[in-house]
Amino acid sequence: MDVRTKPREIGRKSLDVEALKRSFVEWLVYSVGKDLRSATRRDWFATAALAVRDRVVDRWMDTTRAVYAQDAKRVYYLSMEFLVGRLLTNSLANLGIMDACRVAADGIGVRLDDVIEVEPDPALGNGGLGRLAACFLDSMATHHLPGFGYGIRYEYGLFEQRFEHGWQVEYPDNWLRFGNPWEFPRPEVLYPIQFYGRVEEVRDGSGRKSYRWADTEKVFAMAFDTPVVGFGGQTINTLRLWSARATSDFNFGHFNEGDYLKAVEQKVLSENLSRVLYPNDATEVGRELRFKQEYFFTSASIQDVLRRYGQYHSSFDQLPEKAAIQLNDTHPAIGIAELMRLLVDQHGLEWEHAWDITTRTFSYTNHTLLPEALEAWPVRLVERVLPRHMQIIYEVNARFLQRAKRSTGDLARIQRLSLIDEHGDRRVRMGNMAFLGSHKVNGVSALHTDLMKQTVFADLHQEFPDRIVNKTNGITPRRWLHQANPPLARLISSRIGQSWITDLELLADLKPKADDETFQEEFRRAKRQNKKRLAAYIARHVQVDVNVDSLFDVQVKRIHEYKRQLLNLLQTVALYNDIRDNPTKEWVPVTKIFAGKAAPSYQMAKLIIKLINDVATVINQDPVVRGALKVVMLPNYNVTQAEVIMPAADLSEQISTAGMEASGTGNMKLALNGALTIGTLDGANVEIREHVGADNIFIFGLTADEVRELRQGGAFHPREVIATNPRLKRALDMIASGVFSPDDPQRFRPIVESLYNTDHFLVTADFEEYCNTHAAAVELYRDRTGWTRRAILNTASVGWFSADRTVKEYASEIWGVTPVLPGSAEPAEAAPPLPDASREGGSRGDAPKDGGDLEAAE
Ligand code: 26V
């Protein structure tokens with residue numbers, strides 16, 4: 001085909017049933033290589049994905065062409081993690097061809113739902129941070145913002161969690177085993193990434209000093225592109241993930257000597273870079289590889305950004321007007337030093353000029369204040385792996401501290417501002433680096449942003465008072481309501497139309513219906529349908545039979561002490577005791593549902609999982625309880641499982657120690673699906689209360705200020721708190737004495753002791769108020785009308801927590817990007833080449849001419 005054919009003339013694949021059927025059969029036979037009789041479900045999945053992908057490609061090219069034609073400013077979202085979830089349902093729903101596809105599949109004897117179920121859920125993230133990145137991609141595409149995701153194509157995602165005798169056991173997540181029909185490999189989009197080596201100082205004829213990074217080890221980053229389908233299918237953006245490729249396949253020296261294993265050893269080692277996603281772990285093992293992963297994907301992404309920019313611009317002056325680079329946490333913060341290196345060493349820009357361009361291009365999102373989670377790489381590691389970057393970091397620091405010293409003589413303050421933490425082994429504070437190199441730094445909820453200003457970034461905030469801004473997180477209503485909850489989505493659309501799917505605040509139009517009996521009845525019916533689906537899922541996965549009419553009380557998130565699954569569990573044990581003490585009372589039946597992974601090296605979190613499972617075993621088997629209480633812990637929590645849980649929840653547990661959960665996004669998903677929240681004034685819960693109203697949420701516990709005072713005052717003595725609370729003491733005694741672990745009565749000593757001795761997360765301090773609040777919530781559940789009214793008001797009031805609102809705020813206040821509608825526009829003119837001092841002797845020469853952006857189609 002003539003690549004210059006105008007888009008209008010390119011045949012669009014039809015979305016109708018007959019065309020879909022033909023497409024299925026063709027893909028099955030000619031590409032999957034099976035006939036209708038021998039095709040497995042997996043064959044059908046590949047077939048369906050490829051046929052659907054066909055319906056995306058033309059518009060994907062249109063989007064790319066439009067952005068090029070307008071030379072529009074683009075957003076580059078750099079993230080180590082993207083938890084995108086399954087893509088078949090998502091693509092069908094966003095293209096609006098779910099029904100057509102179902103009918104087409106039926107027509108050839110295939111059940112679409114069976115096919116959907118075999119798609120692996122790519123676990124390319126740990127939790128909230130990775131899922132947020134995926135929600136943002138969906139929102140950017142839906143609202144026509146030119147947004148690119150850049151990350152790593154891990155060969156293995158986050159481990160698969162199984163329970164063996166109640167203990168978490170990790171298994172590798174080999175998600176690519178059967179291939180990935182969504183991605184387009186781009187073997188021509190290949191960038192060299194360097195490590196190690198040394199830095200040489202060289203002077204040119206005029207005596208100007210410059211630096212050459214020499215004797216490095218090289219690996220290639222190869223691109224894999226996945227289309228990101230916006231709702232309505234108009235704008236299709238790109239998620240570009242990098243995979244490591246060795247620079248040569250094997251060493252002929254070793255090969256010729258007959259040492260075949262040694263010959264391929266180097267290849268295997270280099271390609272380890274994109275082998276596996278690191279869990280949010282506390283241990284230091286394998287940390288060098290993690291640091292190299294961060295640089296690997298960041299460098300490739302920035303090289304790609306500059307290559308694309310360079311096609312149409314002949315100086316770097318306009319880079320900040322054409323590219324916004326968002327750092328999702330500090331993981332890609334080394335990109336600041338990398339851009340400086342490329343501008344100064346490779347392209348010969350003056351330092352100040354390069355720094356001005358860099359800071360106007362980057363912005364940074366902070367996602368946690370937990371000290372153990374703030375990245376600080378040992379100086380010795382950085383100078384060994386990236387010697388030139390270490391020099392650049394020192395130079396940035398020296399210039400900044402010089403400036404700071406002009407306004408203060410306070411040495412302790414200067415030490416706190418420094419990019420280098422000099423306590424113990426010297427470390428580079430990546431948070432400070434990200435802050436200094438960005439024009440905007442944001443927190444992810446109002447409270448979190450305030451705390452950033454008061455704690456980790458207090459000194460930097462004083463130096464740059466306009467830099468920190470808040471961008472409260474959001475979730476995509478497409479996946480979390482339209483797709484995951486068809487019964488409720490249909491009900492809503494029947495009353496207010498479909499516009500809420502892309503304008504979630506329209507849900508407020510449901511508020512007047514909160515007291516409407518018919519609407520209430522239908523709302524309850526939708527919820528019950530979802531609860532039935534979850535009950536079936538529970539029966540299938542953990543063989544527990546739950547009562548669909550019980551209150552589904554849900555806590556699903558990573559297992560961490562600060563999230564306080566233990567608080568929930570202690571209340572569960574206390575409730576169990578209440579029931580046993582008074583078995584004939586008419587208890588409101590409650591089903592406690594937990595799910596979440598623990599980091600593999602986080603012993604306490606793993607012990608908490610074992611305790612949940614052991615408590616579940618005892619309670620679920622106790623004949624005295626007779627269904628008044630059930631406890632379920634589901635294995636392998638992931639996006640797909642969340643899509644079943646969120647729509648079915650009645651009560652949403654958001655009970656972290658105040659001040660510790662940056663935002664939370666599960667809280668938003670659950671409220672949107674009509675669950676009432678029981679929670680602390682932490683993260684986005686604070687804003688959820690403002691939106692749903694204090695009468696429609698159960699808030700309890702210490703505030704962030706009270707937590708700080710209690711901890712600092714030294715007046716908190718958990719042992720005394722426990723002594724004065726008999727229900728708490730009894731629950732702890734049972735755990736300590738082996739009631740839930742008769743085979744090993746000492747098993748849970750570490751948990752009980754930590755609560756008695758330190759209770760850093762103030763579980764005992766909040767226990768009583770939590771129990772009372774929980775009891776009030778359960779009591780309200782008896783009042784069907786009162787509960788349903790509040791559930792409806794939750795759904796109707798949380799439209800503001802749409803990721804659409806969040807990305808629009810980023811777009812106007814941080815990125816400076818505006819929507820680009822695929823359509824006609826005159827192509828921008830190609831520019832003469834960028835200045836390239838090529839001081840590194842040819843590494844840029846390896847960069848691709850064709851970035852695989854489908855530019856060739858223009
Ligand atoms: C990192 C680590 C690493 C060391 C061991 C323990 C630990 C615990 C947590 C983390 C969190 C890393 C950053 C993160 O995922 N933050 C989450 O970001 C979400 C999206 O902004 C937000 O909703 C969550 O509140 C926040 O925890």
Side-chain angles (χ1 to χ4, degrees), residues 77 79-83 123-137 158 277-287 290 294 326-333 364-377 430-431 434 441-449 451-452 456 470-476 480 556-565 596-606 608 642 652 654-671 679-688 704 760-761 801 803 806-807 810:
Y77 200 82
S79 178
M80 282 288 266
E81 310 189 2
F82 287 93
L83 266 179
L124 309 187
N126 270 283
L129 172 147
R131 182 55 231 175
L132 185 76
C135 282
F136 284 2
L137 291 186
L158 190 66
L277 165 72
Y278 275 90
N280 282 341
D281 231 327
T283 51
E284 293 278 324
V285 288
R287 297 299 273 168
R290 163 77 182 198
E294 296 186 353
Q326 185 69 37
L327 303 173
N328 197 23
D329 215 315
T330 54
H331 316 147
Y364 152 59
T365 306
N366 173 280
H367 293 270
T368 183
L369 302 174
L370 284 185
E372 69 270 32
L374 297 175
E375 286 193 301
W377 293 108
M430 300 309 281
V441 174
N442 76 284
V444 291
S445 74
L447 173 66
H448 167 64
T449 302
L451 292 173
M452 275 170 71
V456 263
N470 177 243
K471 291 285 159 280
T472 300
N473 283 167
I475 56 168
T476 168
W480 297 110
V556 291
K557 49 185 78 244
R558 285 297 287 264
I559 311 294
H560 201 292
E561 285 162 286
Y562 86 77
K563 295 179 188 276
R564 298 200 296 192
Q565 281 90 358
K597 295 176 183 178
S601 70
Y602 191 171
Q603 293 311 322
M604 187 59 93
K606 290 176 126 175
I608 292 170
S652 157
Q654 308 301 335
I655 60 178
S656 49
T657 314
M660 307 211 66
E661 188 71 89
S663 161
T665 45
N667 46 3
M668 302 168 189
K669 293 163 198 167
L670 286 158
T680 48
L681 285 176
D682 198 15
N685 298 353
V686 177
E687 291 152 88
I688 292 179
H760 182 65
F761 299 98
F801 296 93
T806 313
V807 300
Y810 276 92

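It should be emphasised that the depicted structure is a prediction, and the values quoted were computed from it without experimental measurement. As the structure lists them, so they are numbered: ligands from 1, and atoms in each ligand from 1.
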Candidate with minimal heavy-atom separation from atom 14 (C) of ligand 1, of Leu129, Val444, Thr665: Leu129
How does Asp329 reach ligand 1, if at all, at less than 4.0 Å between non-hydrogen atoms: by side chain, backbone, both, or neither? side chain
Which ligand 1 atoms, with their elements, are less than 4.0 angstrom from a heavy-atom of Ala662? 25 (O)
Quick one: side chain to side chain donor-acceptor pair (under 3.5 Å) partners of Gln326, sequence neighbours excluded? Ser363, Thr365, Trp815
Would you check the N or O atoms of Thr368, main chain and side chain alike, for any that come under 3.5 Å of an N or O of ligand 1? no
Check: Pro600 main-chain N/O paired with Lys606 side-chain donor or acceptor under 3.5 Å: yes
Keeping the roles fixed (side chain from Glu687, backbone from Ser445), state whether a donor-acceptor pair exists under 3.5 Å. no
Sorted by chain and number, sequence neighbours left out, salt bridge (Lys or Arg N to Asp or Glu O under 4.0 Å) with Arg131 holds for none
Which segment of His560 sits under 4.0 Å of ligand 1 when only heavy atoms are counted: side chain
Could you list the atoms of ligand 1 found under 4.0 angstrom from a heavy atom of Tyr562? 27 (O)
Checking contacts here: is it the side chain or the backbone of Asn126 that comes within 4.0 Å of ligand 1, counting heavy atoms only? Could be both or neither. neither
Looking only at non-hydrogen atoms, the one of Gly128, Ala605, Gly664, Gly666 nearest atom 23 (O) of ligand 1 is Gly664
Heavy-atom contacts under 4.0 Å between Tyr278 and ligand 1: side chain, backbone, both, or neither? neither
Hey, are Thr665 and Asn473 close enough side-chain-wise for a donor-acceptor pair under 3.5 Å? no
If I take atom CD from residue Glu81 and atom CG from residue Asn280, how far apart are they, to the nearest 0.5 angstrom? 6.0 Å
Going by the order shown, which atoms of ligand 1 are within less than 4.0 Å of some heavy atom of Glu372? 4 (C)
Using distance alone, with no hydrogens and no angle criterion, decide if Asn470 and His448 have a side-chain donor and acceptor under 3.5 Å apart. no
Closest to atom 16 (N) of ligand 1 (judged by heavy-atom distance), picking from Glu561, Met668, His367, Arg558: His367
Report yes or no: does Gly683 have a heavy atom closer than 4.0 Å to ligand 1? no
Thr806 side chain vs Thr472 backbone, donor-acceptor pair below 3.5 Å: yes
